[in-house]
Amino acid sequence: MRKQLFKTAICAALLMVSISSSKAQNTIQHSPQGFDSLRTNIPHGKIDTILYQSNTTDTIRRALVYTPPGYNKHKKYPVLYLLHGIGGDEYEWLHNGHPEVILDNLYAEGKVVPMIVVLPNGRAMKNDRATGNIMAADKVQAFATFEQDLLGSLIPYIQKRYPVYTDREHRAIAGLSMGGGQSLNFGLGNLDKFAWIGGFSSAPNTKTPEALVPDVELAKKKIKLLWISCGDRDNLISFSQRTHDFLEKNNIPHIFYVEPGVHDFKVWKNDLYLFSQRIFKPTNSQ
Ligand code: FER
C-alpha cells in the first residue's frame, strides 16, 4: 500500500505537460485511481457490432460502436473514431482498454459530452486479421489505405445508421500508435472532416510535420483540438516530439502531453480519459 502511494507520488512529480497555445506550462491532471474500474451502480452504454460494405476493400468489414448511457435515437450525437495499433483490430480497445468503462464512469460524473464512439478495423485489406507477420509491408500499407475506407465507406455508413451530426466540428479522430499516426495523418489531412484530433504514442507511420501540416494558417483556423501524447519511456516518442516541435515553432495551438509510462494501455487509457473530456466542447483559445 505504501509502495503504491509512493509510486503514485513519483508519477505525479514526473508529469510534464506543455500547452503550447498559451505558452504556459499548465498541468493536466493524470486520471484518478478507479477511473477505469467497473462501477455497477451507474448507467452503462452499449456496444453494437456493425457490418458495412467497404468500397475500398470490396469486403464486408466489422466495426464496434459504443453508444452512451441514456442513448436516444431521437437525439443527435457527435462521433469519435478511435483507432487501434499494429497488433490490434476492432476489438483491441475493447479488450485491452475497456473504453466503455472509462466513458461510463465519465458520464456518471457529467464530464463528457454524449458521443458515439466507433472502433473500426484500421487495417483495410481483404484479410484484416492481426495474424502472421503484422509488420509485413502489405499490412502496414493497409493502415494508410484505411483513409479511403473510413472516409468513403465507414463514415457514410455510420451517418446513415446512427443519429449523428455530420459536420467537422462534431467529428473526432484519435488512436494509439499506428492508430495515432493514422489519426494525425487523416485528421490533419482532412481538416474539412475532422476538428478534434488525437495521436496517442504515434508510430513511425506518422507523416513528417511538413507533410502533416502543409498549410499552417489553415491548421490554425480549423483545428479545435490537436492532442499529442506519449509515455516518457516509449521508444517511439521521437515521432510525437518532432510533431510537437514543428507545431510549437509555427505557433499552432496543440497539447503536448508527456506522461510517465511505456508503449502500453496504461498510457492509452489515461489518454482516452483526458482526450474524451476535451472534445465537442466550446474552446476559448481558438
Ligand atoms: C514500427 C514500430 C512500431 C512500425 C510500427 C510500429 C510500421 C507500431 C506500433 C504499434 O502500433 O503499437 O517500426 O512501423
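Since the structure is predicted, the reported quantities are computational estimates derived from the model, not experimental observations. As the structure lists them, so they are numbered: ligands from 1, and atoms in each ligand from 1.
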Exercise. Are Tyr162 and Tyr157 near enough that their ring centres are under 6.0 Å apart?
Worked result: no
Exercise. Going by distance alone, is a donor N or O of one side chain under 3.5 Å from an acceptor N or O of the other, for Asn105 and Glu109?
Worked result: no
Problem set entry | Polar atom proximity, Leu236 to ligand 1 (N or O, under 3.5 Å) | no
Problem set entry | Residue and atom name of the nearest protein heavy atom (relative to atom 13 (O) of ligand 1), distance in Å to one decimal | Pro204 CG, 3.6 Å
Problem set entry | Ile86 N/O to ligand 1 N/O under 3.5 Å | yes
Problem set entry | Gly85 neighbourhood, listing ligand 1 atoms whose heavy-atom distance to it stays under 4.0 Å | 11 (O)
For this session: Identify the protein heavy atom lying closest to atom 9 (C) of ligand 1, giving its residue, its atom name and the separation to 0.1 Å.
Result: Ser177 OG, 3.0 Å
Problem set entry | Pairs flagged by salt bridge (charged side-chain N to carboxylate O under 4.0 Å, His left out) wherever residues 163-179 is involved - sequence neighbours left out | Glu169-Lys224
N/O donor-acceptor pairs under 3.5 Å from side chains in residues 187-195, not counting sequence neighbours:
{"unit_1": "Asn190", "atom_1": "ND2", "unit_2": "Glu147", "atom_2": "OE2", "d": "2.8"}
{"unit_1": "Asn190", "atom_1": "ND2", "unit_2": "Phe186", "atom_2": "O", "d": "2.8"}

Exercise. At a 4.0 Å cut-off, with the gap strictly under it, does some heavy atom of His263 reach an atom of ligand 1?
Worked result: yes
Exercise. Is there any N or O on Trp268 that sits under 3.5 Å from an N or O of ligand 1?
Worked result: no
Exercise. Would His84 and Phe143 count as a close aromatic pair, with their ring centres under 6.0 Å?
Worked result: yes
For this session: Quick one: do Arg129 and Asp89 satisfy salt bridge (Lys or Arg N to Asp or Glu O under 4.0 Å)? Show the steps, please.
Result: CA-CA 7 Å; Arg129 298 301 90 197; Asp89 58 24; 3.3 Å; yes
